Amino acid sequence: MSELLAPALPALPTRARMRRTAPAVVSAVAMIIMIAVCASLQPDVLTVAGLSLVLSATVPLVIAAQAQMTLMSVGDIDLGIGNFVGLVTVVSATTLVSSPATGALILLALVAAYAVLGALIHLRRVPSLIATLGASFVWLGLGLFALPTPGGTTPEWLASFGMWQPAGFPAPLLPILAVAAVVYLLTARSTLGVRMRGLGSNPVALERAGLRPLASRVMAYAAAGALGVLSGLVLASQTGGGDVSSASSYSLMTVAAVILGGGSFQGGSAVPWGVAVGGVTLGLVSVVLSLLDVPTNMQSAVQGVIVLAVLAGRVVVGKVLR
């Protein structure tokens, strides 16, 4: 069991490593195809301003998907991340403006609440699907209580971040790459990350190694809560206000992003860069459909077909590499 205590997993055989990264490669190919389609319909997409516009909406989704991946690495699924991100936008547009110190404390309390949720799931042996679904109604209720209708304004520093555009570089790529790198260091290059993946793949062996599964799950939920707060702050910086329902679709889209990026429902795996690619791919689907003038009432169906096609490609590639 010494591998669980090591900061990184041992090198995988070449073919095993290819099987592990193949899903993310398939998603990357799909992402490149979507960008090419966008460029063929609107050549300005390939400019710095065009890429910034196209990618901006994917940033909060990618960060939320990293939060989902953190929990899926321990074998759990979060059905409340969407309403949680929405609640953070509400806090950002209300309390964080009127009383920054109080707003910051509330955001820290939300991260702590996620950690407590993880502890309850572990100690009471409640399925994560049920617990996080129940928590989603709590986040929704708190958001509606604080801000019944969409509105409010974000702090000046947050609005400035949303409008920031460096010369010669698409601004949305910076938070996407930075968060993916941090999550990679956490989940793949640290002892904590190995413990979380060990909990997802073999909790019995984790206990025999003298490590506490409870602590691993609590830390995973705390990390997911912190990423959820960051996602909400970024979303609020883009919308300029708060809306508890603004990220309601994230709960399922983040799961899809993790699977597209090479994650697993069974836990034990974490591919941050693949999840980033999967999140961007999902975000680009709506852009492509809009440029193709697909009717709004048909976009969800077409989006689902595209996601299924990418997943089918993942299955085919996986079978070829066996």
Side-chain angles (χ1 to χ4, degrees), residues 2-12 17 20-21 23-24 59-78 81 84-85 88 107-108 110-119 121-122 128 132 173-203 206 209 211-234 250 254-255 257-280:
S2 59
E3 292 83 355
L4 285 176
L5 300 175
L9 290 176
L12 294 172
R17 193 182 304 115
R20 185 178 179 184
T21 59
V59 178
L61 174 61
V62 168
I63 298 175
Q66 299 288 358
Q68 186 73 260
M69 184 204 68
T70 302
L71 296 187
M72 290 180 70
S73 69
V74 302
D76 292 353
I77 295 178
D78 185 2
I81 188 66
F84 183 81
V85 171
V88 173
L107 294 179
L108 289 175
L110 290 177
V111 175
Y114 245 68
V116 171
L117 178 62
I121 289 173
H122 189 89
S128 60
T132 56
L173 281 180
L174 184 59
I176 289 175
L177 295 176
V179 171
V182 171
V183 175
Y184 170 76
L185 292 175
L186 172 68
T187 59
R189 307 298 297 179
S190 71
T191 302
L192 171 60
V194 178
R195 288 177 60 178
M196 290 192 300
R197 287 180 286 134
L199 176 60
S201 61
N202 196 338
L206 190 69
L211 301 175
R212 298 179 60 191
L214 172 61
S216 300
R217 179 166 271 111
V218 168
M219 287 185 286
Y221 272 80
L227 289 168
V229 167
L230 181 58
S231 175
L233 290 173
V234 173
Y250 283 14
T254 54
V255 175
V258 174
I259 298 302
L260 287 175
S264 170
F265 288 112
Q266 298 175 348
S269 64
V271 191
W273 71 271
V275 172
V277 171
V280 171

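Note that the coordinates shown come from a computational prediction; the quantities given were computed from them, not determined experimentally.
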How many angstroms lie between [atom1] in [X] and [atom2] in [Y], if you round to the nearest 0.5 Å?
X: Ile259; Y: Thr254; atom1: CD1; atom2: OG1; value: 10.5 Å
X: Gln66; Y: Ile81; atom1: CD; atom2: CD1; value: 11.5 Å
X: Ile63; Y: Gln68; atom1: CD1; atom2: CD; value: 14.5 Å
X: Leu117; Y: His122; atom1: CG; atom2: NE2; value: 13.5 Å
X: Met196; Y: Leu71; atom1: CE; atom2: CG; value: 9.0 Å

Can you find a pair of side-chain heavy atoms, one from [X] and one from [Y], that are under 4.5 Å apart?
X: Tyr250; Y: Pro60; value: yes
X: Val88; Y: Phe84; value: yes
X: Arg217; Y: Asp76; value: yes
X: Thr132; Y: Ile77; value: no
X: Leu227; Y: Val183; value: yes
X: Thr70; Y: Tyr221; value: no
X: Leu107; Y: Val111; value: no

Checklist entry - Which heavy atom of Val275 sits nearest a heavy atom of Met69, and at what distance? => result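 Here Val275 and Met69 meet closest at CG2-SD, 3.5 Å.
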Checklist entry - Taking all atoms of both residues into account, what is the closest heavy-atom pair of Arg195 and Ala215, and its distance? => result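 In terms of heavy atoms, the two residues are closest at NH2-CB, 3.8 Å.
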